[in-house]
Amino acid sequence: MQAPLPPLGWLRTFEAAARNLSFTGAARDLNMTQSAVSQQIKSLEAYLGRPLFHRRPRALELTESGLTYLPVVRDAFRTLVRGTRAITGTDQDVVQVQSNLTFAVHWLAPRLARFRAAHPEVQLNLSTELWEPRAMTEGVDVEIRFSLRPADSIRAEQLRSDHYYPVCAPGYPVTLADLAMQPLYDCSNLLCNWAAWAEDQNLPWPDPQVTYATTFTLSLSVALAGGGLALAHDAIAGGLIQTGHLVAPFEHRAPMQEAYYLILSPQAEHSPGTVAFASWLRTEMAADQSGLLGTHA
């Protein structure tokens, strides 16, 4: 007798392929090979007795059966999550949040007391990355990504776009005339760099030596210690400037090409905890940019 349900792994692969409309994208999300994804989809289609995708030369399209089946599969995964939480006996809605390290330390952490006070029923688990991930990490419900515009296959909502500028410790002796001779620090592999900041204001820039770090946390630490100047932007430096730990010695601020984006996992986007955190995040971001709230609870 045939089992009443196809294997859970096939359904997980189908959801990822439908979300990306790409077997390659699904393979990236699930850490599988493209051929393994294709084989699992073929197995699921054979099990169901009907095709779920139209294979076009450069893209996938869901068939009518696929369009009908996708919300059923997603609802089933949500039910499994809720049921598992009920069985484990936790009353809290657990939300897995991922961001880069600097954002987590300098923007998110100082505000978490406000979130906890507003939503004591939600438990946040936080993870950080040094580099922008190619895809949302498995098991993450909410990602705050600092990036150029994410790929069209990713449903991303822009939260904020900042301006960037040099920062240093209070009292650090620097002028525009001798800036290029100072110890300069920056986060690597970004378009918002020292040369771009100088070019934005037609400042002569004789290609000075810049020390690059893998994260803004490192370059900001040097500036905080009085060891030189680092480039920063409002989301990560605003609180440190407000509390007097850093200063922005020059008026010019250049618009960033990178921005912060909110990405929600399709499996968790409608869960109460995810909805509560995403709503709180949007409100805090808007208030932060309009200057209505401080950075510390």
Side-chain angles (χ1 to χ4, degrees), residues 98-110 126-134 143-150 156 158-262 285 288-289 295:
Q98 178 175 296
S99 74
N100 67 60
L101 177 64
T102 303
F103 180 85
V105 170
H106 293 292
W107 192 94
L108 185 57
L126 308 176
S127 62
T128 59
E129 297 284 344
L130 287 180
W131 298 104
E132 174 194 345
R134 293 181 60 190
E143 181 187 339
I144 302 110
R145 185 178 298 186
F146 180 63
S147 172
L148 294 173
R149 175 69 191 177
Q158 184 171 324
L159 287 170
R160 66 186 290 162
S161 181
D162 278 353
H163 289 74
Y164 67 102
Y165 43 88
V167 295
C168 59
Y172 187 90
V174 61
T175 65
L176 275 179
D178 66 6
L179 176 61
M181 295 179 287
Q182 296 287 340
L184 304 179
Y185 295 84
D186 198 4
C187 183
S188 56
N189 295 324
L190 297 176
L191 295 177
C192 52
N193 52 42
W194 279 104
W197 180 80
E199 182 181 356
D200 192 71
Q201 57 183 316
N202 296 316
L203 182 69
W205 200 245
D207 195 23
Q209 180 178 352
V210 177
T211 300
Y212 290 98
T214 55
T215 169
F216 278 118
T217 298
L218 292 174
S219 56
L220 286 178
S221 295
V222 178
L224 285 165
L229 294 99
L231 278 185
H233 52 275
D234 293 322
I236 62 172
L240 294 169
I241 292 173
Q242 186 178 30
T243 56
H245 291 89
L246 287 176
V247 296
F250 311 116
E251 292 185 3
H252 184 73
R253 301 185 174 209
M256 296 180 66
Q257 296 190 53
E258 294 87 357
Y260 286 93
Y261 293 90
L262 174 65
M285 281 282 189
D288 185 31
Q289 290 202 287
T295 58

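Along the sequence shown, residues are numbered consecutively beginning with 1. Atom set for the values below is all heavy atoms of this structure, side chains included, hydrogens, waters and symmetry mates excluded. This is a predicted model, so every value here is computed, not measured.
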Task: 4.5 Å side-chain heavy-atom contact, Glu258 and Cys192 - done: yes
Open item on the list: Between Tyr261 and Leu159, is there a side-chain heavy-atom distance shorter than 4.5 Å?
Closed with: no
Open item on the list: Angle between ring planes, Phe146 versus Phe216, binned at 30° and 60°: parallel, tilted or perpendicular?
Closed with: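 Phe146 vs Phe216 ring planes: perpendicular.
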Could you measure the distance from the [atom1] atom of [X] to the [atom2] atom of [Y]? Nearest 0.5 Å is fine.
X	Y	atom1	atom2	result
Gln257	Ser147	CD	OG	11.5 Å
Ile236	Leu108	CD1	CG	14.0 Å
Cys187	Asn100	SG	CG	8.0 Å
Leu218	Asp186	CG	CG	12.0 Å
Leu126	Ser99	CG	OG	7.5 Å
Leu240	His106	CG	NE2	5.5 Å

Over all heavy atoms of both residues, which pair between [X] and [Y] is shortest? Give the atoms and the distance, please.
X	Y	value
Ser219	Ala213	N-CB, 4.2 Å
Ala237	Val167	CB-CG1, 4.3 Å
Ala232	Leu220	CB-CD2, 3.8 Å
Pro166	Leu231	N-CD2, 3.7 Å
Leu229	Cys168	CG-CB, 3.9 Å
Ala248	Ile241	CB-CD1, 4.4 Å

- [ ] Begin from the C-alpha positions of Leu190 and Tyr164 and carry the test side-chain contact (heavy atoms from CB on, under 4.5 Å) through to its verdict.
- [x] CA-CA 12 Å; Leu190 297 176; Tyr164 67 102; over 6 Å; no
TODO: Check whether the ring centres of Tyr260 and His233 lie less than 6.0 Å apart, and answer yes or no.
DONE: yes
TODO: Check side-chain hydrogen bond (donor to acceptor under 3.5 Å, both in side chains) between Asn193 and all other residues, then give those that pass, not counting sequence neighbours.
DONE: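 Testing Asn193 for side-chain hydrogen bond (donor to acceptor under 3.5 Å, both in side chains), a comparison that skips the adjacent residues, returns none.
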Task: Pairing residues for His245 by the side-chain hydrogen bond (donor to acceptor under 3.5 Å, both in side chains) criterion, not counting sequence neighbours - done: Thr243
Open item on the list: Checking Arg253 now: which residues fulfil salt bridge (Lys or Arg N to Asp or Glu O under 4.0 Å) with it, not counting sequence neighbours?
Closed with: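 So Arg253 forms a salt bridge (Lys or Arg N to Asp or Glu O under 4.0 Å) with Asp234.
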Open item on the list: Is it true that Gln182 and Tyr172 share a donor-acceptor pair across their side chains at a distance under 3.5 Å?
Closed with: yes
Using residues 194-211 as the side-chain source, report each donor-acceptor pair under 3.5 Å to any protein atom, sequence neighbours left out, with the distance given to one decimal.
{"unit_1": "Trp194", "atom_1": "NE1", "unit_2": "Tyr185", "atom_2": "O", "d": "3.0"}
{"unit_1": "Trp197", "atom_1": "NE1", "unit_2": "His252", "atom_2": "O", "d": "3.2"}
{"unit_1": "Asp200", "atom_1": "OD2", "unit_2": "His252", "atom_2": "NE2", "d": "2.7"}

TODO: Could I get the full list of ring pair (Phe, Tyr, Trp, His ring centres under 6.0 Å) partners for Tyr165, not counting sequence neighbours?
DONE: none
Open item on the list: Going by salt bridge (charged side-chain N to carboxylate O under 4.0 Å, His left out), name the pairs with one or both residues in residues 159-172, residues two or more places apart or in two chains.
Closed with: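 The answer is Arg160-Asp162, Arg160-Asp288.
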